[in-house]
Amino acid sequence: MCGIVGFIGCKPAAPLLLEGLAKLEYRGYDSAGIALVENGQITIHKAKGRLSVLSDRIRGGDGIEATVGIGHTRWATHGKPSDENSHPHKSASGRFAVVHNGIIENYAALKKELQSDGVEFLSETDTEVIAHLIERSYTGDFLAAVRAAIQRLEGSYALGVLCAEHPDEFIAVRNASPLIVGLSEIGNFIASDIPAVLAHTRRVIPLADHEIVRLTRDAVTVFDQAGHPVEKKEMTVDWDVTSAEKGGYDHFMIKEIMEQPQALSATISPRIDADGGIVLDGIHLTASQLRKVNRLFIVACGSAYHAGVVGKYVIEKLARIPVEVDLASEFRYRDPIVDEKSLVIIVSQSGETADTLAALREAKRRGARVLSIVNVVGSTIASESDDVLYTWAGPEISVATTKAYSTQLTMLYLIAFYIAHKLGRIDDRDQRRLLSALIRLPDMVSGILRQAGELKQLAQRYAYLEHAYFIGRNLDYAVALEASLKLKEISYIHSEAYAAGELKHGTISLIEEGTFVVALACCEKLIEKTMSNIKEVKARGAEVLVLTTDDNRDVLPEADHVLYIPKTNDLLMPSLEVVPMQLLGYYIALARKCDIDKPRNLAKSVTVE
Ligand code: F6R
């Protein structure tokens, strides 16, 4: 949610800021802006709309000589998308400019206080108070003014601040919104996420909460909350630069769907040792500690929550421990019965989702041990958890998650096998059998991806429908939740997922001639039951697409169209089922000419509540 960048160095800043913002557009794309220090003054260029509107307006920064600047791409929270509400925001004298990612919770009180001092506001944003507060605290010491201002702020903020009187430096701050520093040959950067600096450097310093950094052309100094310099460790990013590029694909989403076999292998392989045992590098839980755990919680948002629903079925089935799956936004406020006997599994691609982070803190406050499954290395959720297991999906840029979800499933399978084995609920032979099925998933997914052409064709048939229902039982239902979200978020088709047996308790009244129903029928022991539900909707005129396994070739005469996928262990079927569902959502959205990588009203990394 909102992306910020900053640069100071020996090259013109404007093109570098635009280039960095282009890599952060997945975080917000309703307006964009940059601020530069030129001839002792701050110049701001900003525009409502996609980054391309701003970039065209200033011809890609061509001819702008300034070598220090900050930039922002916005996902509106306070005030509608408009030129005025776009960042950067200036202080009244024009001496300071600020870009901000996060929410200032006490901004209304601060605004009132500043207005009663005669300050005039030009925008509806919460961010503008920060520029005015810095101005009010300024007596010639830039760093001190920023430090004084942030002491008044409540909420979350990653900030970049420019001062017209200090053209050889800029300052950045982090509190509960992500921020990294990039160190390069041409100068120093800040950014909300690594891809923004990857074209210039792999040397990165992730900042911790409450740290302030002063950047000059040849130095970066990090200070703690009390103003003491902090020694920070540099991290070398080993991603391939092209991993954050589209690499010939039309959209990041399809590229990331196609990358799933590699992402799965990268997540599974390092976790299986030469003797065929599981090595969960980030877990330090012993069998005796596990025996004390009487309840497991999986807490997450969106697709990560859907992965958690799969996790519940699999962990309960194998480890026989009760598992509750919770939406993080509900868990944090529902006074959950969590204590030191609970193990809380937090699932998050970004590792920065505000509700998920708050749920993690709530669980820890109540004494639970927290194990997180995270994709972004060094993210806040990873750094605050007791144990971390990384999904090695690589950077995920598309707003709609695909490869991160798939690797989350894999990690949950490994955790289920690990816990079940440690507790003696499965023996060595069972574990070996499950692992050998798990190892085969990447190849099986590759095979399914070869059916993309069939799905592209099929998508033409469903592209103009306005409603869809995804039904299934048990693990098929868990996948239906994700399949339905994939379709609706990028194609804007209204879609719902239902446990197939639940349909007749109300929702079946919506099924009429031509209603689109996707039935997931891969769960072997329930196939007959799901078939009955297919017949029920078919009898009411539904157009039914069934997803099932190869061995069911002649058992589904009721369907209008059947998609076949190979069969694996029942518990692992979700990893295969989700792939055609991702492709279906993608190709339907493509046929509807939707902006697939930047769906309306959405942004990746939801750092607001
Ligand atoms: C949907 C999607 C979201 C995220 C959710 C959690 O395609 O991507 O539903 O799954 O916002 O995000 P993370 O995993 O970063 O916590």
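Whatever order the structure lists them in is the order used to number ligands and atoms, beginning at 1. Just so it is clear, the values below take in all heavy atoms, side chains as well, and ignore hydrogens, waters and symmetry mates.
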May I ask you to decide if the ring planes of Tyr413 and Phe417 are parallel, tilted or perpendicular, using 30° and 60° as cut-offs?
-> parallel
Can you find a side-chain donor-acceptor pair between Thr407 and Thr267 that sits under 3.5 Å?
-> no
Residues that His87 engages under ring-ring contact (aromatic ring centres under 6.0 Å, His included), provided they are two or more places apart | His72, His89
Distances for all N or O pairs of ligand 1 and the protein under 3.5 Å?
from     : atom 1 : to     : atom 2 : distance (Å)
ligand 1 : 7 (O)  : Ser303 : OG     : 3.4
ligand 1 : 7 (O)  : Thr401 : N      : 3.0
ligand 1 : 7 (O)  : Lys486 : NZ     : 2.9
ligand 1 : 7 (O)  : Glu489 : OE1    : 3.2
ligand 1 : 7 (O)  : Glu489 : OE2    : 2.6
ligand 1 : 8 (O)  : Val399 : O      : 3.3
ligand 1 : 8 (O)  : Thr401 : N      : 3.4
ligand 1 : 9 (O)  : Ser303 : N      : 3.1
ligand 1 : 10 (O) : Ser303 : N      : 3.1
ligand 1 : 14 (O) : Gln349 : N      : 2.6
ligand 1 : 15 (O) : Ser350 : N      : 2.8
ligand 1 : 15 (O) : Ser350 : OG     : 2.7
ligand 1 : 15 (O) : Thr353 : OG1    : 3.3
ligand 1 : 16 (O) : Ser348 : OG     : 2.7
ligand 1 : 16 (O) : Thr353 : OG1    : 2.5

Indicate whether the side chain of Asp595 and that of Tyr29 have a donor and an acceptor atom separated by less than 3.5 Å.
-> no
May I ask you to decide if the ring planes of Phe516 and Tyr462 are parallel, tilted or perpendicular, using 30° and 60° as cut-offs?
-> parallel
From the list Leu414, Leu371, Val374, side-chain contact (heavy atoms from CB on, under 4.5 Å) partner of Leu389 resolves to Leu371
